[in-house]
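Here is how names work: the chains are called A, B, and so on, in the same order as the sequence lines, proteins then strands, and each is numbered from 1.
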Number of protein chains: 2
Amino acid sequence: MSKSNNVYKDAYNRGLRLLDETKSLPSEPELGALLGVSRTTIRTILARMEETGLIAWNKRSKTVLRAPRPDDFFPEEETDTLSQIIERSFMRRLLAGGAEAGMQINELELAREIGVGTTSVREFLIRFSRFGLIEKRRNSHWVLKGFTRAFALELTEIREMFELRSAAAFAALPEDSPVWANLDLLEEEHRLLAREIATRFNEFSELDERFHRLIHRASHNRFIVDFYDVIAMIFHYHYQWNKAQERERNEVAVAEHLAYIAALKSRDLGKVDAACRKHLKSARHTLLTSIPDRAVLPQQ
Amino acid sequence: MSKSNNVYKDAYNRGLRLLDETKSLPSEPELGALLGVSRTTIRTILARMEETGLIAWNKRSKTVLRAPRPDDFFPEEETDTLSQIIERSFMRRLLAGGAEAGMQINELELAREIGVGTTSVREFLIRFSRFGLIEKRRNSHWVLKGFTRAFALELTEIREMFELRSAAAFAALPEDSPVWANLDLLEEEHRLLAREIATRFNEFSELDERFHRLIHRASHNRFIVDFYDVIAMIFHYHYQWNKAQERERNEVAVAEHLAYIAALKSRDLGKVDAACRKHLKSARHTLLTSIPDRAVLPQQ
DNA sequence: AAAATGTTTTTTCACGATAAAAGACATTAT
DNA sequence: ATAATGTCTTTTATCGTGAAAAAACATTTT
């Protein structure tokens with residue numbers, strides 16, 4: 001098995017949802033653009049849709065014959081990227097405890113355990129190394145630095161530096177910049193969420209990421225924008241394992257975001273700075289409280 | 001050819017230099033620690049030294065029989081890591097012009113051109129991507145973002161943010177911290193270099209890196225420390241292709257460093273900030289003047 | 001018994017090979 | 001003649017494999 005066809009399966013599943021909406025599908029290039037895959041993959045998808053009697057396909061005509069049934073979809077787990085699979089396994093191990101700082105990481109063992117080739121694990125570890133949680137010893141193993149309090153503090157230090165700067169840049173953006181419309185939309189989504197927070201509180205993390213990414217983009221600095229990947233990754237897993245007072249925390253965060261948005265709209269740099277600081281402070285606090293306060297090994 | 005033995009060859013060459021100094025070599029573990037390789041490699045080295053009549057080897061006794069001749073050494077180019085080879089080739093292409101922003105990077109083509117496997121090229125590109133010069137399109141090619149003025153400005157923006165913070169942290173370090181001794185040593189080296197700048201100006205870049213790394217380490221933040229890798233990489237190649245007024249530039253930089261060091265020693269945060277800003281400003285200027293002022297593609 | 005040497009096992013690094021996916025080129029339909 | 005479809009080529013993603021290097025274990029020496 002040299003390469004899984006998850007790209008095809010995922011695009012196929014997304015393609016099935018299109019069938020509900022129309023009586024016939026658009027051209028192959030158009031479908032490709034819609035689903036974000038090449039024509040080659042589109043044709044494989046169409047071939048299967050024809051085979052399973054979902055559509056009648058003859059050259060340009062792609063007539064929908066029936067609505068997709070649940071069993072037409074490929075199982076969710078078959079649509080994941082290998083690197084997603086590896087990341088999840090790796091993070092599970094990391095957060096499952098027993099992952100002490102200083103521990104060695106064994107590529108071969110990881111690969112065997114996850115059931116993938118070593119190359120994929122190696123590539124994952126190289127990509128993952130920029131998050132600052134692991135480090136390579138040349139010609140030898142990787143070392144786990146540990147998800148420690150020190151890590152969280154270093155991470156938030158940079159985050160605060162970057163976001164304060166980005167927020168200031170954002171507020172200074174000209175009236176006619178399209179970001180203001182984006183901000184208005186996000187504000188509306190925040191208001192909606194605030195109203196239904198009791199039931200939809202778990203939708204916050206996705207909104208949170210979109211909001212902060214919009215702000216960081218105002219910095220027009222690739223290093224700042226890219227650094228948000230580190231934050232997003234950490235918070236993604238953080239949200240998964242720290243469910244304590246999730247509703248309350250998110251409710252507070254939504255309110256802080258709204259204040260932050262209002263400050264941005266006021267273009268008053270003092271207000272922006274204050275609102276940003278306030279929100280980042282509580283974000284840091286939330287993160288820190290979720291970290292087991294184990295002994296922190298001194299970094300060498 | 002599945003793996004070159006460059007680790008062995010490099011360690012062997014370094015091992016030869018030890019022969020000049022003593023009449024007999026230390027134990028295998030000791031040699032391993034000295035050369036930074038495993039015992040396995042040490043034994044391979046000793047075996048060859050015995051074979052070529054450099055030493056007589058019998059268990060613990062490793063008597064030096066003769067001094068190494070130039071032809072005992074492995075050729076320099078055989079001691080390079082694969083990733084070093086790839087990096088050099090890649091940077092040569094990048095700087096040789098014709099590397100316009102937006103250009104596609106082809107793994108297979110690169111691998112063929114350099115004469116290595118695709119895996120190594122892929123891994124290099126993944127590692128290299130954190131420098132912000134290339135970007136991956138999922139399931140497709142890499143895109144060159146270009147060594148543009150925008151890149152240099154984004155890089156220096158972060159550098160300045162990080163270094164100002166690190167310098168302040170440095171100045172606030174307690175009297176008994178070992179970094180002050182390190183700083184004294186570096187100061188001495190700067191003075192020596194300043195005195196002989198006419199002939200030794202090309203030794204500055206190495207000193208420059210050590211000095212700035214010492215300062216960045218005071219931040220105690222892995223993201224700041226790691227970011228210096230980006231700066232070091234860029235300046236490394238920058239020094240290689242921009243030889244205009246090298247002597248003058250380095251002379252100025254040494255003077256600025258000495259002022260910067262004096263400011264740090266004064267522990268006066270205002271002075272530190274001023275000296276740091278002054279130096280960073282001229283470093284940025286030097287970098288910017290060396291970049292061809294081509295049209296800068298807007299980053300999407 | 002501590003530290004070295006000798007031997008064996010495991011892991012990392014790098015390659016070539018192969019299926020999936022993208023991309024390029026040729027042909028046909030509007 | 002433009003845009004789609006049909007076909008062929010190239011590139012990417014991933015694996016298994018094997019040599020280099022590290023690491024672990026066993027034995028000997030001081």
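In summary, the aromatic rings of A:F223 and B:F227 are positioned with their centroids under 6.0 Å apart.
A sub-4.0 Å separation between OP1 or OP2 of D:dA4 and a side-chain N or O of A:S27 is present. For C:dA3, the OP1/OP2 oxygens have no side-chain nitrogen or oxygen of B:R39 closer than 4.0 Å. Proximity of A:S140 to the phosphate of C:dT11: no side-chain N or O atom is located under 4.0 Å from OP1 or OP2. Side-chain nitrogen and oxygen atoms of B:N106 include at least one within less than 4.0 Å of the OP1 or OP2 phosphate oxygen of D:dT12. Considering only side-chain N and O atoms, B:S4 lies nowhere under 4.0 angstrom from the phosphate OP1 or OP2 of C:dC13. Between C:dC13 and A:K136, a contact under 4.0 Å exists linking OP1 or OP2 to a side-chain N or O.
Although no hydrogens or angles enter the test, the distance criterion places no donor-acceptor pair under 3.5 Å between the side chain of A:S61 and the main chain of A:W57. The closest donor-acceptor contact from the side chain of B:S89 to the backbone of B:I85 lies under 3.5 Å. Under a 3.5 Å cut-off, the side chain of B:N13 and the backbone N or O of B:F73 do not form any donor-acceptor pair.
Comparing atom distances between the A:L108 side chain and each of C:dT12, C:dG16, C:dA21 picks out C:dT12 as nearest. Distances from the side chain of B:E107 to the nucleotides C:dT12, D:dT12, C:dG6 place D:dT12 closest. For A:T41, counting side-chain heavy atoms from C-beta on, the closest listed nucleotide (C:dA24, C:dA21, C:dA17) is C:dA21. Distance from the side chain of A:S38 is smallest for C:dA21 among the nucleotides D:dA22, D:dA24, C:dA21. Of the candidate nucleotides C:dA20, C:dG6, D:dG16, C:dA20 has the atom lying nearest to any side-chain atom of A:K3. Taking every side-chain heavy atom of A:R43 into account, D:dT5 is the closest of D:dT5, D:dG16, C:dC13.
Contact record, A:I45 with A:A11: CD1-CB, 3.6 Å, taken as the closest heavy-atom pair.
If you measure from atom CD of A:E28 to atom P of D:dA4, you get 10 Å, rounded to the nearest angstrom. Put simply, CD on B:Q84 is 15 Å from C1' on C:dC13, counting in whole angstrom units. Whole-Å rounding puts the B:F124 CZ to C:dA14 P distance at 13 Å. Distance B:L31 CG to C:dA3 C1': 15 Å, rounded to the nearest Å. Atom CD1 of B:I134 and atom P of D:dT12 are 12 Å apart (whole Å). Rounded to whole Å, atom C1' of D:dT14 lies 11 Å from atom CG of A:N6. A straight line from CG of B:L82 to C1' of D:dA21 spans 15 Å, rounded to a whole angstrom. Note: CG (A:N5) to P (D:dT14) measures 12 Å, nearest angstrom.
Two residues, B:R122 and A:N139, neighbour DNA chain D, and the one matched to the more 5' nucleotide by heavy-atom proximity is B:R122. When each of A:R112 and A:T119 is assigned the nucleotide of DNA chain C with its nearest heavy atom, A:R112 is the one assigned upstream, toward the 5' end. Both B:H141 and B:S120 lie near DNA chain C, and the one whose nearest nucleotide falls closer to the 5' end is B:S120. Nearest-nucleotide mapping onto DNA chain D: of A:Q104 and A:P29, the residue sitting toward the 5' end is A:P29.
Here the side chains of A:L25 and A:M49 are in contact, with some heavy-atom distance below 4.5 Å.
You'll find a donor-acceptor pair under 3.5 Å spanning the side chain of B:T40 and the base of D:dA22, going by distance alone. The base of D:dT14 does not come close enough to the side chain of A:S2 for any donor and acceptor atom to sit less than 3.5 Å apart.
A salt bridge does not link A:R48 with A:E50: every distance from a Lys NZ or Arg NE/NH1/NH2 to an Asp or Glu carboxylate oxygen is 4.0 Å or more. Between A:R130 and A:D226, none of the side-chain N atoms (NZ, or NE/NH1/NH2) sits under 4.0 Å from a carboxylate O, so this pair counts as no salt bridge.
Ring geometry for B:Y228 versus B:H216: interplanar angle of 30 to 60°, hence tilted.
Within residues 53-63 of chain B, the residues approached by DNA chain C to less than 4.0 Å at the level of any non-hydrogen atom are B:K59, B:R60, B:K62, in residue-number order.
The residue A:I105 sits close only to the backbone: its heavy atoms come under 4.0 Å of sugar-phosphate atoms, none of a base.
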